[in-house]
Amino acid sequence: ALLRRYRAGHAGLAGQLDDYAFFIQALLDLYNVDFDVAWLKSALKLTERQITLFHDPREGGFYDVADTDPTLLFRTRADYDGAEPTGNSVAALNLLRLARTLGVETWERMAGQTIAAFARRLQEYPASLPLMLAAYDLFRRPPRHLVITGRAEEEGVGRLLDVVRRRFLPDLTVLLADGGPGQEWLSRSLPFVATMGKIGGRPTAYLCQGYVCGEPTTEPAELESQLAGPLSTP
């Protein structure tokens with residue numbers, strides 16, 4: 001569980017929804033930097049805890065605080081993405097990212113229910129929830145994965161990642177199949193990752209849409225072409 005520390009020497013208050021949502025977002029972003037699955041494992045555990053503490057099973061979405069305080073008269077749900085996005089917007093996007101990274105279909109549905117819980121607000125004043133709109137845009141797109149085989153420190157892996165990082169691809173889930181424990185762990189959730197390996201001993205990119213993968217490539221220029229065009233299956 002997370003604590004919100006307010007003064008040195010004190011344990012602090014129980015973490016609220018935005019504490020969990022932003023921390024999980026940071027863990028997912030860290031995975032996209034060094035591809036250490038330890039970040040994903042932590043994000044998975046915190047998301048499970050977030051659901052236990054804050055999820056509203058009747059209306060969908062998440063409350064801002066847990067119901068552990070008996071003095072609470074009611075529980076609110078913020079509905080405005082200001083200087084900091086609301087916890088529900090971040091949580092919806094996190095659920096989608098995790099669902100597609102780890103193949104958790106229930107979290108994909110929960111993300112959709114979270115978006116639906118704010119449907120009236122989105123219809124009446126869409127500018128108030130821009131990050132929730134981004135989550136909705138991702139929700140309506142089919143899953144798209146890019147799996148790169150090799151270790152994160154390999155030069156060939158870096159060249160393939162450079163192609164991805166030069167483009168704005170918010171719907172693309174990027175995974176690293178390291179040929180070791182990381183790939184084995186990911187394969188438990190996404191079985192198609194298990195069989196992916198290098199071609200000719202070189203780091204290789206597999207672009208997949210809807211869990212159907214196209215022709216693998218070891219060339220950055222070819223990967224750039226694939227990202228720009230329709231999927232070409234073998």
Side-chain angles (χ1 to χ4, degrees), residues 17-18 20-33 35 39-40 43-44 46-48 50-51 54-56 59-62 77-82 84-123 125-148 161 163-176 186 189-190 192-193 205-214 223 226-231:
L17 172 64
D18 53 355
Y20 280 80
F22 280 107
F23 196 7
I24 292 165
Q25 181 186 60
L27 292 168
L28 295 175
D29 291 343
L30 283 169
Y31 174 74
N32 284 320
V33 174
F35 296 97
W39 305 123
L40 295 180
L44 176 64
L46 281 176
T47 298
E48 291 172 342
Q50 173 191 287
I51 292 169
F54 307 107
H55 185 238
D56 179 358
E59 302 293 333
F62 297 87
R77 292 193 297 188
D79 61 356
Y80 181 76
D81 290 336
E84 292 184 356
T86 180
N88 270 281
S89 294
V90 180
L93 203 51
N94 289 344
L95 284 167
L96 287 169
R97 293 174 68 185
L98 274 168
R100 298 181 180 196
T101 300
L102 301 176
V104 187
E105 294 182 5
T106 55
W107 288 1
E108 181 103 10
R109 291 194 295 271
M110 189 176 290
Q113 292 164 357
T114 300
I115 296 166
F118 292 85
R120 176 174 293 183
R121 179 70 166 170
L122 288 169
Q123 291 170 350
Y125 190 22
S128 66
L129 287 168
L131 192 65
M132 188 72 79
L133 286 174
Y136 173 67
D137 181 63
L138 180 59
F139 178 72
R140 59 193 293 272
R141 293 173 182 263
R144 198 160 70 121
H145 295 80
L146 176 66
V147 183
I148 297 177
L161 285 172
V163 172
V164 180
R165 289 166 175 167
R166 287 198 299 265
R167 305 175 68 89
F168 179 60
L169 301 166
D171 65 325
L172 187 66
T173 300
V174 183
L175 305 172
L176 185 72
L186 287 171
S189 302
L190 300 173
F192 70 91
V193 175
Y206 296 77
L207 184 61
C208 313
Q209 183 163 317
Y211 304 104
V212 176
C213 299
L223 175 59
Q226 289 182 6
L227 290 170
L231 184 68

> Is the shortest heavy-atom distance from the side chain of Val147 to the side chain of Leu186 under 4.5 Å?
Replying inline: no
>> Does any part of the side chain of Tyr206, heavy atoms only, come nearer than 4.5 Å to the side chain of Gln226, both counted from C-beta?
In response: no
>> If I compare all heavy atoms of Leu96 with all of Ala135, which pair ends up nearest, and what's the gap?
In response: CD1-O, 3.2 Å
> Closest heavy-atom contact between Phe139 and Arg100?
Replying inline: O-NH2, 3.6 Å
>> Ignoring hydrogens, what is the shortest heavy-atom contact between Trp39 and Leu27? Give both atom names and the distance.
In response: CB-O, 3.4 Å
> Is the shortest heavy-atom distance from the side chain of Asp79 to the side chain of Tyr125 under 4.5 Å?
Replying inline: no
> Run the side chain to side chain contact (heavy atoms under 4.5 Å, CB included) check on Leu172 and Arg167 step by step: do they pass?
Replying inline: CA-CA 11 Å; Leu172 187 66; Arg167 305 175 68 89; over 6 Å; no
>> Tell me the closest heavy-atom pair linking Ala117 and Arg77, and the distance in Å.
In response: CB-NH1, 4.2 Å
>> Within the structure provided, determine whether Pro126 and Leu133 are in side-chain contact (heavy-atom separation under 4.5 Å).
In response: yes
> Does Leu175 reach the side chain of Leu190, with side-chain heavy atoms less than 4.5 Å apart?
Replying inline: yes
>> Can you confirm whether Pro170 sits close enough to Leu138 that some side-chain heavy atom of one is under 4.5 Å from a side-chain heavy atom of the other?
In response: no
> Is a side-chain donor or acceptor of His145 paired with a backbone partner of Cys213 at a separation under 3.5 angstrom?
Replying inline: no
> Between Thr86 and Ala78, is there a donor-acceptor pair closer than 3.5 Å when you use the side chain of the first and the backbone of the second?
Replying inline: yes
> Is a side-chain donor or acceptor of Asp56 paired with a backbone partner of Phe62 at a separation under 3.5 angstrom?
Replying inline: no
>> Please verify the inter-ring angle class for Tyr20 with Phe54; under 30° counts as parallel, over 60° as perpendicular, anything in between as tilted.
In response: perpendicular
> Does CZ in Phe192 sit with more than 12 non-hydrogen atoms of other residues, nucleotides or ligands closer than 6.0 Å?
Replying inline: yes
> Roughly how far, to the nearest 0.5 Å, is OG1 of Thr114 from CG of Asn94?
Replying inline: 10.5 Å
>> Looking at every non-hydrogen atom in both residues, tell me the closest pair between Ala127 and Pro130 and how far apart they are.
In response: O-CD, 3.4 Å
> Can you list the steps and then say if Leu223 with Leu146 is a side chain to side chain contact (heavy atoms under 4.5 Å, CB included)?
Replying inline: CA-CA 10 Å; Leu223 175 59; Leu146 176 66; 3.8 Å; yes
> Any donor-acceptor pair under 3.5 Å linking the side chain of Asn88 with the backbone of Gly61?
Replying inline: no
> Between Asp81 and Leu131, is there a donor-acceptor pair closer than 3.5 Å when you use the side chain of the first and the backbone of the second?
Replying inline: yes
>> If the threshold is 4.0 Å, N to carboxylate O, is there a salt bridge linking Arg97 and Asp29?
In response: yes
>> Any non-hydrogen side-chain atom of Leu176 less than 4.5 Å from a side-chain atom of Leu161?
In response: no
>> Other residues, nucleotides and ligands only: do more than 12 of their heavy atoms fall within 6.0 Å of CD on Glu84?
In response: no
> Pick from Leu93, Asp137, Leu122: which one makes a side-chain contact (heavy atoms from CB on, under 4.5 Å) with Met132?
Replying inline: Leu122
> Is the OH atom of Tyr80 crowded by more than 12 outside heavy atoms at less than 6.0 Å?
Replying inline: no
> What's the spacing between Phe35 CZ and Leu40 CG if we round to 0.5 Å?
Replying inline: 10.0 Å
> If you look at every heavy atom in Gln50 and Ala91, which pair is closest and at what distance?
Replying inline: NE2-CB, 3.8 Å
>> Can you confirm whether Leu98 sits close enough to Ile24 that some side-chain heavy atom of one is under 4.5 Å from a side-chain heavy atom of the other?
In response: yes
